[in-house]
Amino acid sequence: MRRKVLIVEDEPDIAHLVQTHLNDIGCDADIAGNGAAAMNLFNKGGYHLVVLDLMLPDTDGLTLCRNMRAAGDYVAILMLTAKSTELDRVVGLEMGADDYLTKPFSVPELLARIKALFRRMEALPSGGTTSGKQEIIERGGLSLDVDKRSVKIDGKPVELTAKEFDLLLYFARNPGRVFSRIQLLDKVWGYNHDGYEHTVNSHINRLRSKIEADPAAPHYVLTVWGVGYKFSEEQE
């Protein structure tokens, strides 16, 4: 099946470069040079992925990302940004981006990120299951509804981004097992490029801020110094 991608980029050379390489991996890609054109195309529906530049002439990518997330059906969003500060990355992910890539980027890495997002989308529940069984994971006061991709702490809903949910789900399915940052990149993000371990750190910190009563003294996602992270076995 050919994937449909929306490229939101105001630099024509970059937009057409991305479009060409997406065509090479079996995607049909449209280009929008500004926010208004992007939302017009997006609202027509049918896209599997949006490659979204943070800096646009008529609006910013963060606002556009938020509007796309509020539109309804889930579409993967890969944010491109010339900014490389931790704050910019965190804000973009909080607005609903699934992943980000800092300019200048290499084409192989861009394609690796896109393929990883497609693989994750293919693994998402498509609605009902043939067995009709609903997968609920209970860990202490933490409850994950896998099909609905929802989380509750002591019965209260917790809003997580798509990647935060994926990360928490992976931990909850493997209590007690210690994962390095590289292993988490490979299993949760679908790539393991050296130098991107900070992506894991950022998500762990934000996940703890949402699910832990005291993020400085976590009960669920624990740090194993010198190795990585694990989900507490005490929550089983």
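Being a predicted model, the structure only gives us computed values, none of them experimental.
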Are more than 12 heavy atoms, taken from residues, nucleotides or ligands other than Lys152, located less than 6.0 Å from that residue's NZ atom? no

So CZ of Arg2 and CG of Leu22: to nearest 0.5 Å the spacing works out to 10.0 Å

For the hydrophobic clusters of this structure (ILVMFWY residues joined by side-chain heavy atoms under 4.5 Å, transitively), does one cluster hold both Phe171 and Val224? no

CD of Glu109 to CD1 of Ile114, rounded to nearest 0.5 Å, is 11.0 Å

Of the non-hydrogen atoms in Ala37 and Ala32, which two are nearest, and what is the gap between them? C-CB, 3.9 Å

Taken to the nearest 0.5 Å, the spacing of Ile136 CD1 from Ser150 OG works out to 6.5 Å

Closest heavy-atom pair, Glu138 versus Ser143, reported as atoms and distance to 0.1 Å, is OE2-OG, 3.3 Å

Please confirm whether the backbone N or O of Glu164 pairs with a side-chain atom of Arg206, one donor and one acceptor, at under 3.5 Å? no

When you measure from the side chain of Arg181 to the backbone N and O of Val200, does any donor-acceptor pair fall under 3.5 Å? no

Minimum heavy-atom separation for Lys230 and Arg177, please, with both atom names. CB-O, 3.3 Å

Please verify the inter-ring angle class for Phe42 with Tyr47; under 30° counts as parallel, over 60° as perpendicular, anything in between as tilted. parallel

Measure from the side-chain N and O atoms of Asp99 to the backbone N and O of Leu117, and report whether any donor-acceptor pair falls under 3.5 Å. no

Decide yes or no for Ile7 and His16: does some side-chain heavy atom of the first lie under 4.5 Å from some side-chain heavy atom of the second? no

Calculate, to the nearest 0.5 Å, the distance between atoms NZ and CG belonging to Lys103 and Asp53 respectively. 3.5 Å

Shortest non-hydrogen contact from Arg139 to Tyr220? O-CE2, 3.4 Å

Student check: side-chain heavy atoms of Met68 and Val75 closer than 4.5 Å: no

Working to the nearest 0.5 angstrom, can you tell me the gap between Leu62 CG and Leu56 CG? 10.0 Å

Taking all heavy atoms of Phe118 and all of Cys27, pick out the closest pair and write down the distance. CE1-SG, 3.7 Å

Donor-acceptor contact present, side-chain Glu212 to main-chain Val221, <3.5 Å: yes

Using the rule that two of Ile, Leu, Val, Met, Phe, Trp, Tyr join whenever any of their side-chain heavy atoms come within less than 4.5 Å, decide whether Val18 and Ile25 are in one cluster. yes

For Ala38 and Leu6, work out which heavy atoms get closest and say how close. O-CD2, 3.7 Å

Can you check whether Ser180's main-chain N or O pairs, donor with acceptor, with Gln183's side chain at less than 3.5 Å? yes

Please tell me if the side chains of Glu9 and Leu80 come closer than 4.5 Å, counting only heavy atoms from C-beta onward. yes

Determine, for Lys187 against Asp166, whether the closest basic-nitrogen to carboxylate-oxygen distance falls under 4.0 angstrom. no

Check whether any side-chain N or O of Glu11 sits under 3.5 Å from a backbone N or O of Asp13 as a donor-acceptor pair, and report yes or no. no

Any sub-3.5 Å donor-acceptor pair from Asp186's side-chain atoms to Ile182's backbone N or O? no

Would you say the side chain of Asn23 lies within less than 4.5 Å of the side chain of Gln19, judging by non-hydrogen atoms? yes

So, using side chain to side chain donor-acceptor pair (under 3.5 Å) as the criterion, who are the partners of Asn205 when residues are at least two apart? none

Between Asp98 (side chain) and Leu78 (backbone), is there a donor-acceptor pair under 3.5 Å? no

Applying the 4.5 Å side-chain criterion to the ILVMFWY set and letting contacts propagate, would Val178 and Phe231 be lumped into a single cluster? no

Please determine whether residues Leu184 and Leu222 belong to a single hydrophobic cluster, defined as Ile, Leu, Val, Met, Phe, Trp and Tyr linked transitively by side-chain heavy-atom distances below 4.5 Å. no

If we ignore hydrogens and angles and just use 3.5 Å, is the side chain of Glu233 paired with the main-chain N or O of Gly176 as donor and acceptor? no

Joint cluster assignment, Val107 & Val5, ILVMFWY side-chain distance < 4.5 Å: yes

In Å, rounded to the nearest 0.5 Å, how long is the span from CG of Leu168 to CZ of Arg173? 11.0 Å

Please check: side-chain N/O of Asp58 versus main-chain N/O of Gly35, any donor-acceptor pairing under 3.5 Å? yes

Could you check whether any side-chain heavy atom of Ile31 comes within less than 4.5 Å of a side-chain heavy atom of Leu41, counting everything from C-beta outward? no

